[in-house]
Amino acid sequence: MPEGEAAPHPGDFATCVDRHYPGLVRRLTLVLHDGEEAKDVAQEAYLRAYRAWDRFDGTDVRAWLHTIALRLAFNALRRRNLWSRFASSRETDASWVVADRLPLWEALGSLRPRVRAALLLNVLDGYTQAEIAAMLDVPPGTIASWIASGKARLREELHDE
């Protein structure tokens, strides 16, 4: 935290973070392909953020929450992949998807989770490549590559010139 800057007050937590919950759950749903799991991960992210509130530097609470939540989501995906080796198959509940958008969601689902997250954070949430790089702890050039390859893959899957 910069010198002379006061740490966020614990009472400010709810005021600062409440409005970001719906968007965070939407993002996590797209990353995890499971609305209920997205809510669970979002709640865990909020719990972790609350516990670390005294260490938050106060710069961008939305980016900070996304960073925590996406790391939890990637861990959940790794666990899911481990379990899927033991299970014969796992059906994805797509009841949250608007029917005419199903091809888009399926195409997004074909992207690797980190590529999908980078693309969504950039296109839907308006984060810069540098901000996404900081969230995902990778170089900005990697983010640029992920976004470009993700867009190309979506164009290919959706047959969009």
Side-chain angles (χ1 to χ4, degrees), residues 16-50 52 56 59-161:
C16 291
V17 301
D18 279 354
R19 64 190 169 116
H20 300 294
Y21 185 78
L24 183 65
V25 170
R26 283 191 301 271
R27 237 27 90 237
L28 291 170
T29 299
L30 293 172
V31 170
L32 295 166
H33 289 270
D34 185 327
E36 291 305 310
E37 186 176 16
K39 290 176 188 173
D40 291 343
V41 170
Q43 289 174 5
E44 178 65 22
Y46 268 64
L47 177 62
R48 289 185 185 203
Y50 180 76
F56 174 55
T59 54
D60 185 351
V61 71
R62 190 175 123 200
W64 183 61
L65 288 169
H66 274 85
T67 300
I68 295 167
L70 287 169
R71 289 180 181 166
L72 290 170
F74 294 144
N75 288 340
L77 287 170
R78 276 192 287 280
R79 280 191 305 278
R80 184 189 301 168
N81 287 338
L82 284 173
W83 282 109
S84 70
R85 291 179 191 167
F86 301 109
S88 59
S89 68
R90 182 180 190 279
E91 290 185 27
T92 302
D93 175 21
S95 62
W96 55 272
V97 176
V98 178
D100 66 338
R101 306 271 178 156
L102 192 56
L104 174 61
W105 302 131
E106 288 174 345
L108 282 168
S110 73
L111 300 175
R112 291 181 326 200
R114 288 181 177 258
V115 171
R116 184 170 55 243
L119 183 62
L120 293 171
L121 287 168
N122 180 253
V123 173
L124 294 181
D125 293 319
Y127 284 108
T128 66
Q129 292 174 7
E131 291 168 328
I132 298 167
M135 283 183 216
L136 302 182
D137 198 27
V138 296
T142 301
I143 297 299
S145 173
W146 287 352
I147 291 171
S149 68
K151 286 179 179 180
R153 175 88 184 257
L154 289 178
R155 274 191 226 94
E156 179 182 304
E157 297 239 354
L158 298 171
H159 309 290
D160 184 16
E161 301 295 321

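Excluded from the calculations below are hydrogen atoms, water molecules and symmetry mates; all remaining heavy atoms, backbone and side chain alike, are included.
Leu24 contributes atom CG, which lies 13.0 Å from atom CZ of Arg19 (distance to the nearest 0.5 angstrom). Separating the CZ atom in Arg112 from the CZ atom in Arg153 is a distance of 10.0 Å, to the nearest 0.5 Å. If you take CD on Glu37 and CG on Leu72, they are separated by 11.0 Å, rounding to the nearest 0.5 Å.
Evaluation of the salt bridge (Lys or Arg N to Asp or Glu O under 4.0 Å) rule for Arg48 yields Glu44 as partners, not counting sequence neighbours. Taking the ring-ring contact (aromatic ring centres under 6.0 Å, His included) definition, one finds that Phe74 meets it with nothing, sequence neighbours left out. The side-chain hydrogen bond (donor to acceptor under 3.5 Å, both in side chains) check on Asn75 picks up Arg78, with sequence neighbours excluded. Taking Lys39 as the reference, Glu36 meet the salt bridge (Lys or Arg N to Asp or Glu O under 4.0 Å) condition, with sequence neighbours excluded. With sequence neighbours excluded, the residues forming a side chain to side chain contact (heavy atoms under 4.5 Å, CB included) with Thr142 are Val138, Pro139, Trp146, listed by chain and number. With sequence neighbours left out, Arg26 forms a salt bridge (Lys or Arg N to Asp or Glu O under 4.0 Å) with no residue at all. Annotation: side-chain hydrogen bond (donor to acceptor under 3.5 Å, both in side chains) contacts of Ser110 (sequence neighbours excluded): Glu157.
Proximity of a side-chain donor or acceptor of Tyr21 to a complementary backbone N or O of Ala42 within less than 3.5 Å is not detected. The backbone N or O of Gly150 sits nowhere less than 3.5 Å from a side-chain atom of Arg116 that would complete a donor-acceptor pair.
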Mind listing the side-chain donor-acceptor pairs of residues 62-70 below 3.5 Å, one per line with the distance, residues two or more places apart or on another chain?
residue	atom	partner	partner atom	Å
Arg62	NE	Tyr127	OH	2.9
Arg62	NH2	Asp125	O	2.7
His66	ND1	Arg62	O	2.9
Thr67	OG1	Ala63	O	2.8

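Taking every heavy atom of both residues into account, Ser149 and Val115 meet most closely at OG-CG1, 4.4 Å. Nearest heavy-atom pair across Gln129 and Ala144 is OE1-CB, 3.3 Å. The two atoms that bring Val41 and Ala73 nearest to each other are CG1-N, 3.9 Å, heavy atoms only. The minimum heavy-atom distance between Gly35 and Thr29, with the atom names listed, is CA-OG1, 3.8 Å.
Residue pairs meeting the salt bridge (charged side-chain N to carboxylate O under 4.0 Å, His left out) criterion with at least one partner in residues 126-141, sequence neighbours excluded, are absent.
Applying side chain to side chain contact (heavy atoms under 4.5 Å, CB included) to Ile132 and the options Leu119, Ile143, Leu120 leaves one that passes, Ile143.
Proximity of Leu111 to Leu154: side-chain heavy atoms (C-beta onward) are separated by under 4.5 Å at one or more points. The shortest side-chain heavy-atom distance between Leu30 and Leu124 falls under the 4.5 Å cut-off.
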